[in-house]
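Following: one structure in C-alpha coordinates, then a few remarks.
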Amino acid sequence: MSDKKAVRILLYCRMFLWVVALAATVYWIYWSFHLYTLGYMDEHVYAVAFRPIFAKGLLISVGAVVLSFILRGVSDKIRNKKG
(Lines give C-alpha, C1' and ligand atoms only; values in the text may rest on other atoms or scores of the structure.)
Protein backbone atom coordinates (compact mmCIF):
# COMPACT_ATOMS: atom_id res chain seq x y z
CA MET A 1 0.00 0.00 0.00
CA SER A 2 1.34 3.41 -0.89
CA ASP A 3 1.95 6.08 1.71
CA LYS A 4 -0.65 8.40 0.19
CA LYS A 5 -3.30 5.70 0.33
CA ALA A 6 -2.45 4.88 3.94
CA VAL A 7 -2.66 8.55 4.92
CA ARG A 8 -6.01 8.86 3.14
CA ILE A 9 -7.42 5.81 4.93
CA LEU A 10 -6.24 7.20 8.26
CA LEU A 11 -7.93 10.51 7.42
CA TYR A 12 -11.23 8.74 6.75
CA CYS A 13 -10.88 6.84 10.03
CA ARG A 14 -10.23 10.11 11.86
CA MET A 15 -13.25 11.76 10.24
CA PHE A 16 -15.40 8.81 11.32
CA LEU A 17 -14.08 9.10 14.87
CA TRP A 18 -14.98 12.80 14.99
CA VAL A 19 -18.51 11.95 13.80
CA VAL A 20 -18.72 9.34 16.56
CA ALA A 21 -17.57 11.94 19.11
CA LEU A 22 -20.16 14.41 17.85
CA ALA A 23 -22.92 11.78 17.95
CA ALA A 24 -22.03 10.81 21.52
CA THR A 25 -22.11 14.47 22.56
CA VAL A 26 -25.48 15.01 20.90
CA TYR A 27 -26.71 11.83 22.63
CA TRP A 28 -26.06 13.08 26.16
CA ILE A 29 -27.26 16.61 25.33
CA TYR A 30 -30.52 15.16 24.01
CA TRP A 31 -31.02 13.08 27.14
CA SER A 32 -30.22 16.00 29.42
CA PHE A 33 -33.28 17.80 28.02
CA HIS A 34 -35.40 14.67 27.55
CA LEU A 35 -35.16 13.75 31.22
CA TYR A 36 -36.97 16.97 32.08
CA THR A 37 -39.78 16.05 29.69
CA LEU A 38 -40.03 12.69 31.43
CA GLY A 39 -40.71 14.48 34.70
CA TYR A 40 -37.33 14.52 36.43
CA MET A 41 -37.67 17.90 38.13
CA ASP A 42 -35.81 17.25 41.39
CA GLU A 43 -32.14 17.92 40.79
CA HIS A 44 -31.00 14.96 42.88
CA VAL A 45 -33.20 12.46 41.05
CA TYR A 46 -32.20 14.07 37.75
CA ALA A 47 -28.51 13.78 38.59
CA VAL A 48 -28.85 10.10 39.50
CA ALA A 49 -30.65 9.39 36.22
CA PHE A 50 -28.37 11.56 34.06
CA ARG A 51 -24.96 10.58 35.44
CA PRO A 52 -24.68 7.19 33.65
CA ILE A 53 -25.87 8.70 30.36
CA PHE A 54 -23.40 11.57 30.65
CA ALA A 55 -20.53 9.28 31.62
CA LYS A 56 -21.15 6.96 28.68
CA GLY A 57 -21.40 9.83 26.18
CA LEU A 58 -18.37 11.61 27.59
CA LEU A 59 -16.22 8.47 27.61
CA ILE A 60 -17.11 7.68 24.02
CA SER A 61 -16.44 11.26 22.92
CA VAL A 62 -13.11 11.59 24.71
CA GLY A 63 -12.01 8.13 23.58
CA ALA A 64 -12.83 8.88 19.95
CA VAL A 65 -11.00 12.22 20.04
CA VAL A 66 -7.91 10.72 21.72
CA LEU A 67 -7.84 7.87 19.21
CA SER A 68 -8.17 10.43 16.41
CA PHE A 69 -5.13 12.31 17.71
CA ILE A 70 -3.16 9.06 17.93
CA LEU A 71 -4.04 8.32 14.30
CA ARG A 72 -2.95 11.86 13.43
CA GLY A 73 0.47 11.09 14.88
CA VAL A 74 0.68 7.89 12.87
CA SER A 75 -0.35 9.78 9.75
CA ASP A 76 2.31 12.44 10.37
CA LYS A 77 4.97 9.77 10.81
CA ILE A 78 3.99 8.15 7.51
CA ARG A 79 4.09 11.51 5.69
CA ASN A 80 7.45 12.50 7.18
CA LYS A 81 9.04 9.12 6.52
CA LYS A 82 12.13 9.23 4.35
CA GLY A 83 11.88 6.82 1.52
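Counting begins at 1 with the first residue of the sequence. Computed from a predicted model, the values in this text were never measured in an experiment.
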Roughly how far apart are [X] [atom1] and [Y] [atom2], rounded to 0.5 Å?
X: T37; Y: W31; atom1: OG1; atom2: CH2; result: 8.0 Å
X: W28; Y: R51; atom1: CH2; atom2: CZ; result: 14.5 Å
X: I53; Y: Y30; atom1: CD1; atom2: OH; result: 10.5 Å

Do L10 and V7 come close enough that some side-chain heavy atom pair is under 4.5 Å?
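Answer no - side chains too far apart.
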
Hphob cluster co-occupancy, [X] + [Y], side-chain heavy atoms under 4.5 angstrom:
X: I78; Y: Y12; result: no
X: I29; Y: V19; result: no
X: L17; Y: I60; result: no

Compute the centroid of each ring, for Y40 and then for F50, and state whether the two points are separated by less than 6.0 Å.
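Distance test on ring centres: not under 6.0 Å, no.
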
Kindly give the heavy-atom pair with the smallest separation between M41 and Y36, and that separation in Å.
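That would be CE-O, 3.4 Å.
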
Between Y46 and S32 (side chain of the first, backbone of the second, donor and acceptor by atom type, cut-off under 3.5 Å), is there such a pair?
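Checking the backbone N and O of S32 against the side chain of Y46, a donor-acceptor pair under 3.5 Å is found.
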
Ring pair (Phe, Tyr, Trp, His ring centres under 6.0 Å) involving F16 - partner list, sequence neighbours excluded
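Counting only residues at least two positions away or on another chain, F16 forms no ring pair (Phe, Tyr, Trp, His ring centres under 6.0 Å).
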
Name the atoms and distances for all side-chain donor-acceptor pairs under 3.5 Å in residues 61-72, with sequence neighbours left out.
from : atom 1 : to  : atom 2 : distance (Å)
S61  : OG     : A21 : O      : 3.1
S61  : OG     : T25 : OG1    : 3.1
S61  : OG     : G57 : O      : 3.0
S68  : OG     : W18 : NE1    : 2.8
R72  : NE     : D76 : OD1    : 3.3
R72  : NE     : D76 : OD2    : 3.3

D3 and K81 ion-paired at < 4.0 Å
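Yes, D3 and K81 are salt-bridged.
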
